[in-house]
Protein chains: 2
Amino acid sequence: MKNEQRREETRGAILDAAALCFAEKGYAETGVAEICDRAGVSKGAFYYHFESKQKVFLALLESWLADLQEMLAHFAGGTVNVPESLLKMSHLMQGAFQADQSKTGLFLELWAQASRDETVRKASIATYQRYQKIFTGLIKRGIREGSLAPVDPVSAAQVLLSLASGLFLQSLIDPRRDWGKVTADSMQILLDGLIRR
Amino acid sequence: MKNEQRREETRGAILDAAALCFAEKGYAETGVAEICDRAGVSKGAFYYHFESKQKVFLALLESWLADLQEMLAHFAGGTVNVPESLLKMSHLMQGAFQADQSKTGLFLELWAQASRDETVRKASIATYQRYQKIFTGLIKRGIREGSLAPVDPVSAAQVLLSLASGLFLQSLIDPRRDWGKVTADSMQILLDGLIRR
DNA sequence: CTCTAAAAACCGACCGGTCGTTATGTATTT
DNA sequence: AAATACATAACGACCGGTCGGTTTTTAGAG
């Protein structure tokens, strides 16, 4: 049982180091040697555990998307009323993003690769649709319980996802702003609507 | 006057080819040789007109952002009432994006570079703030003319920008969907608000 | 208009270096 | 001793950028 532990340790070190590098410098600009240095491992170990640089990226991505989905599902399943649940989610998402810098930078790399690579794209679309389903369910619940207006749940979920993506995108290039507040304000405006009545 | 025309032609050919390559394969994955091939020019010509690959990218970006700003300002300056103006803008933006595939792919590259490169980031933030000002002004007008609720104009502009960015982001990896309709629906929901009253 | 010399535009072979990957050997665990 | 885990060095492809030389254009003089 000593080998298994050793194996997991080095694999973990490589994945962690790769996540940091990819987030900081991007996929293409990150060399395998750099990852190995950071992980305190040799290239031999790297290619013993992973068959290519791409595979490391994909492994990283998979776990990240799974984490995100779990987080979303957790908050969407809460029992408080839906508008408040949405406001809470916006707060907590921001916190989660800001907390783990190494993961956020991967977001861009995901999109860049997804928009070109067929495999990555299909996986990304599938994941995105799962997120959309989660939001759609949440909104349906809100309509059912009467806290939300009878909008089209799919479109509304689309808006939520887009808003989140857009805010997140901007937070990447302008980290100094208080995105927690911006996100909360945005969500409030979305809930209230723009048109005067 | 013959040299000047020649100069502009080759410069244009290089820029066009570079735009296509960057959009298709990404900045890092595109070689200078490839750009030259596509432009029907030699490397000598390339480095005669541009001092580096980066400079070509920046030149491309600058013109693209300028075009976008001009488009935004044009529609924001219209005289129709603001909610309708917003709906029209959402339609037309989608059309413009879908029309010129070579430019849309640059969007991701812009962000990827902006999130890391200091120069690109500062330029991007500045541009984004100009967009934000345009939207802010538009919303202020809407509030003044009574068609919009008295929201915080800055936050509202933020929502519009984020929504647009998010929608655009998704359209890159899932081009088959009818993003014109999605955008219009999203805008409608944003205008109406989610909360039941 | 012609000739000419400089300037501008362009070509393509080449360089130094980097990168992902592999082949081979060694230590550790089973 | 067999298998697993890792280290080291080297390979070969590639890439951004350079450089010496060639063609085309421009400008001025005759």
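Worth knowing before you read on, the calculation uses all heavy atoms, side chains too, and leaves out hydrogens, waters and symmetry mates. Proteins come first, then strands; the chains are lettered A, B, ... in the order of their sequence lines, and each starts at number 1.
Checked against a 6.0 Å centroid threshold, the rings of Y27(B) and W111(B) do not count as neighbours.
Whole-Å rounding puts the I35(B) CD1 to dC15(D) P distance at 11 Å. F50(B) places its CZ atom 11 Å from the P atom of dC10(C), with the value rounded to the nearest Å. With rounding to whole Å, E29(B) atom CD is found 20 Å from dA13(D) atom P. The nearest whole Å value for the distance from the CG atom in D37(B) to the P atom in dG16(D) is 12 Å. Atom C1' of nucleotide dA8(C) and atom CD of E9(B) are separated by 15 Å, given to the nearest angstrom. Rounded to an integer number of Å, the gap from CZ of F46(A) to C1' of dT4(D) is 19 Å. Put simply, CD on Q5(B) is 14 Å from C1' on dA9(C), counting in whole angstrom units. For the pair Y27(A) OH and dC19(C) C1', the computed distance is 12 Å after rounding to whole Å.
Side-chain proximity of A45(A) to dT22(C), dT18(D), dC6(D): nearest is dC6(D). Nearest nucleotide to the V32(A) side chain, out of dC11(C), dT18(D), dT21(C): dT21(C). The side chain of K53(B) lies closest to dG17(D), out of dG20(C), dA9(C), dG17(D). Nearest nucleotide to the side chain of K43(B), out of dT21(C), dC6(D), dA13(C): dA13(C).
Within the 4.0 Å cut-off from OP1 or OP2 of dT21(C), at least one side-chain nitrogen or oxygen of Y47(A) is found. Between H49(A) and the phosphate of dC6(D), there is a side-chain N or O to OP1/OP2 separation shorter than 4.0 Å. Of the side-chain N and O atoms in T10(B), one or more sit less than 4.0 angstrom from OP1 or OP2 of dC10(C). Of the side-chain N and O atoms in R6(A), none sit less than 4.0 angstrom from OP1 or OP2 of dA5(D). Remark: Y48(A) is not in phosphate contact with dC6(D), judged by side-chain N or O atoms under 4.0 Å from OP1 or OP2.
Between G44(A) and G31(A), the one whose closest nucleotide on DNA chain C sits nearer the 5' end is G31(A).
With a 4.5 Å cut-off on side-chain heavy atoms, F168(B) and W179(B) do not count as touching.
The pair E145(A)-K140(A) does not count as a salt bridge, with every side-chain nitrogen at least 4.0 angstrom from each carboxylate oxygen. Ion pair K25(B)/E109(B) not flagged as a salt bridge, since none of the NZ, NE, NH1 or NH2 atoms sits closer than 4.0 Å to an Asp/Glu carboxylate oxygen.
By the 6.0 Å contact criterion, CD on E62(B) is open, its count of non-hydrogen atoms from other residues, nucleotides or ligands being 12 or less.
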